[in-house]
Each structure stands twice: as structure tokens, then as C-alpha cells.
Amino acid sequence: MTKRGLLIVVSGFAGCGKGTLMKRLIEEYEEYALSVSMTTRLPRPGEVHGREYFFVSREKFEQEIETDGLIEYATYVENYYGTPKAYVEEQRSAGKNVVLEIEVQGALKVKERFPDAVLVFVLPPNAEELYKRLKNRGTETEDVIRKRMRRAAEEVDVIEKYDYILINDEVEEGVRKLHSLIEAARSMPGRNEELIEAIRDGLSRL
Ligand code: 5GP
């Protein structure tokens, strides 16, 4: 029987580099699948429907909420964001570790609904770096950047509810760190009850 994959939630301030980190993680290790969220935000240049997000209208999003098609959803700087349920289920059943890259409200909802989920918070080396990265991205207006920075200041308060923090300085190093902490989480006794039981069983028969 295939071992069911873990649910991994990665959050971090806008501009902390978590998007790049996720992309590299998926490219480098085949045991991960990245969930594609649904949002009412408009695509940024270069973003593709079905790859970065499923870009939908508010009506469509609200319909998904009503029909329980989402694992969780939240509003972030005036838009809805949510995780479609079907893909996550399908991939976990196939043994993949599914990564959700979502903000903190949604992350805490996932933890409530799936206590076994592993929550990782990605931090930039320092606050100045965050502002610099957001500015350099050049895709948001100054007003939106300010709102996102304000939101970051609020999100700091819930970091302690996460299982791990990851300082994202250099991408390749960040990917290795992320993979090894997921491995560590997978190796906890509570996530290996079947294996422990089988060994116990084997020993009792010797
Ligand atoms: P962005 O607009 O920069 O792509 O994303 C804004 C924020 O929404 C980020 O913190 C991102 O992690 C979060 N986000 C993306 N998808 C989801 C989702 O499905 N659910 C929730 N709760 N947050 C999401």
C-alpha cells in the first residue's frame, strides 16, 4: 500500500522568496506536488492560469466556497485565495507530499482541520531585505507594497504557531533546508505508527 503523503503548509511574507523556493523544491525532488490555488486577484505579467493560480471571478470563488470545493480560503489584501480540495486529496493518496503555499489565516485553518500538517514559516534574513525584494519585483504599486508590508507586521504575531521557521537567504541552501526539515517531520514516531506496530509485531514473534 502506498504511504499517504504529508500535507505541508508554507507561509511567509510577500517578497520573502517562498515562490522561488517552492518551484525549486518541486523541480529537485519528485516526492512533492505543489497545490495550485484559486484566486480573485488579477494575473501578474507572466503568470499563467492553472500554473501560478486558477484566476477566477468572485462569483465563481463564492460558488466553490458554497459547494465545499476548498480545503480553506482567506482574504488577503482585498482578494480571495483558496486551496482546491480535489487535487490535494488525489496527490496525497498517490503518496506525494503536497505543498500549500498560503498565508497565515489559511495555514491555521489547515492545522485545525488536519492536525498532522507540517507548517513552515519562511523568513527573509531581515526586514529591510523584504521591502527591497518587494520593490525590486516591480509588479505592485507602492500602495499595494505598503499594504503587504503592513500585513507582514500582523503575520509576525502567529509565527510561534508554526512547526518550523526557515531563513531564506540563498535559494539552493533554502531548498535543502526545507527538504531536510520535512524529512525530519516525516521521521517522527507519531507519523510512523504503522511501521512501529509492524516492528513490535515482528519482535513479539521472535
Ligand atoms: P500573491 O498575491 O502574492 O500571489 O499571494 C498573496 C498571499 O496569498 C501569499 O501570502 C500567498 O501565500 C497567499 N495564498 C496563495 N494561495 C493561497 C490559498 O489558496 N489560500 C490562502 N489562504 N492563501 C493563499
Side-chain angles (χ1 to χ4, degrees), residues 7-26 33-58 60-65 67-89 91-92 98-114 117-124 130-159 161-162 164-166 168 174 178:
L7 192 54
I8 298 143
V9 177
V10 178
S11 305
F13 310 135
C16 71
K18 61 188 184 303
T20 316
L21 203 61
M22 299 300 95
K23 206 167 147 258
R24 293 289 303 124
L25 180 78
I26 304 297
L34 189 59
S35 155
V36 178
S37 296
M38 193 171 273
T39 184
T40 57
R41 143 164 109 55
L42 293 174
R44 295 189 186 119
E47 285 185 334
V48 176
H49 180 78
R51 190 180 67 189
E52 277 77 16
Y53 284 105
F54 295 105
F55 297 98
V56 299
S57 64
R58 290 192 87 81
K60 165 79 179 146
F61 199 101
E62 282 164 1
Q63 198 182 323
E64 286 293 327
I65 299 174
T67 54
D68 198 28
L70 305 171
I71 285 182
E72 61 72 40
Y73 71 93
T75 46
Y76 180 94
V77 187
E78 293 150 24
N79 278 298
Y80 277 133
Y81 293 81
T83 308
K85 197 191 274 178
Y87 179 80
V88 173
E89 274 310 310
Q91 294 295 318
R92 290 189 72 193
V98 180
V99 186
L100 313 183
E101 192 220 305
I102 65 179
E103 53 65 70
V104 301
Q105 296 169 39
L108 299 181
K109 280 187 232 164
V110 170
K111 189 76 185 173
E112 240 175 70
R113 198 160 169 181
F114 305 92
V118 179
L119 269 55
V120 182
F121 201 99
V122 181
L123 288 169
L130 192 68
Y131 183 69
K132 217 163 70 197
R133 289 189 197 175
L134 267 182
K135 282 290 266 193
N136 288 347
R137 187 152 84 182
T139 52
E140 263 90 7
T141 61
E142 187 62 31
D143 177 48
V144 169
I145 292 177
R146 290 271 155 225
K147 283 186 181 149
R148 282 173 175 249
M149 289 298 288
R150 218 170 306 137
R151 179 66 184 243
E154 286 165 22
E155 289 186 345
V156 174
D157 291 342
V158 295
I159 294 183
K161 298 211 164 85
Y162 280 66
Y164 299 99
I165 59 163
L166 193 157
N168 188 26
L178 182 56

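Every number for a ligand or one of its atoms is a count from 1 in the order of the listing.
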Note: Q105, heavy atoms under 4.0 Å from ligand 1, region reported as neither
**Message:** Please tell me whether F13 and Y131 form a close aromatic pair, meaning their ring centres lie under 6.0 Å apart.
**Reply:** no
Between R151 and E155, does at least one N-O distance fall below 4.0 Å, as a salt bridge requires? yes
ask   = Is any side-chain N of the basic residue among E154 and R150 closer than 4.0 Å to the acidic one's carboxylate O?
value = no
For A107 and Y162 the tightest heavy-atom approach is CB-OH, 3.1 Å
Note: ligand 1 atoms sitting under 4.0 Å from heavy atoms of A74 are 22 (N)
The atoms of ligand 1 lying under 4.0 Å from a heavy atom of R41, numbered in the order shown, are 1 (P), 2 (O), 4 (O)
Touching ligand 1 at all, [X]? Heavy atoms, strictly under 4.0 Å?
X	result
K18	yes
R44	yes
F13	no

Given the options V9, I165, I159, L119 meets side chain to side chain contact (heavy atoms under 4.5 Å, CB included) only with V9
Under 3.5 Å, is there a donor-acceptor pair linking the side chains of Y73 and E64?
no
Just checking, any donor-acceptor pair under 3.5 angstrom between side chains of T39 and N79?
no
The reported gap from CG in L166 to CG in L21 (rounded to nearest 0.5 angstrom) is 6.0 Å
Any N or O on [X] sitting closer than 3.5 Å to an N or O of ligand 1?
X	value
M38	no
S37	yes
Y81	yes

Give the single entry among [options] that approaches [atom] most closely by any heavy atom.
atom	options	value
atom 21 (C) of ligand 1	V110, I102, L100, L108	I102
atom 20 (N) of ligand 1	E52, E72, E101	E72
atom 3 (O) of ligand 1	R148, E103, R151	R148
atom 5 (O) of ligand 1	Y80, F54, Y53	Y53

Residues pairing under salt bridge (Lys or Arg N to Asp or Glu O under 4.0 Å) where one sits in residues 69-84, two or more places apart or in two chains, turn out to be E78-K147
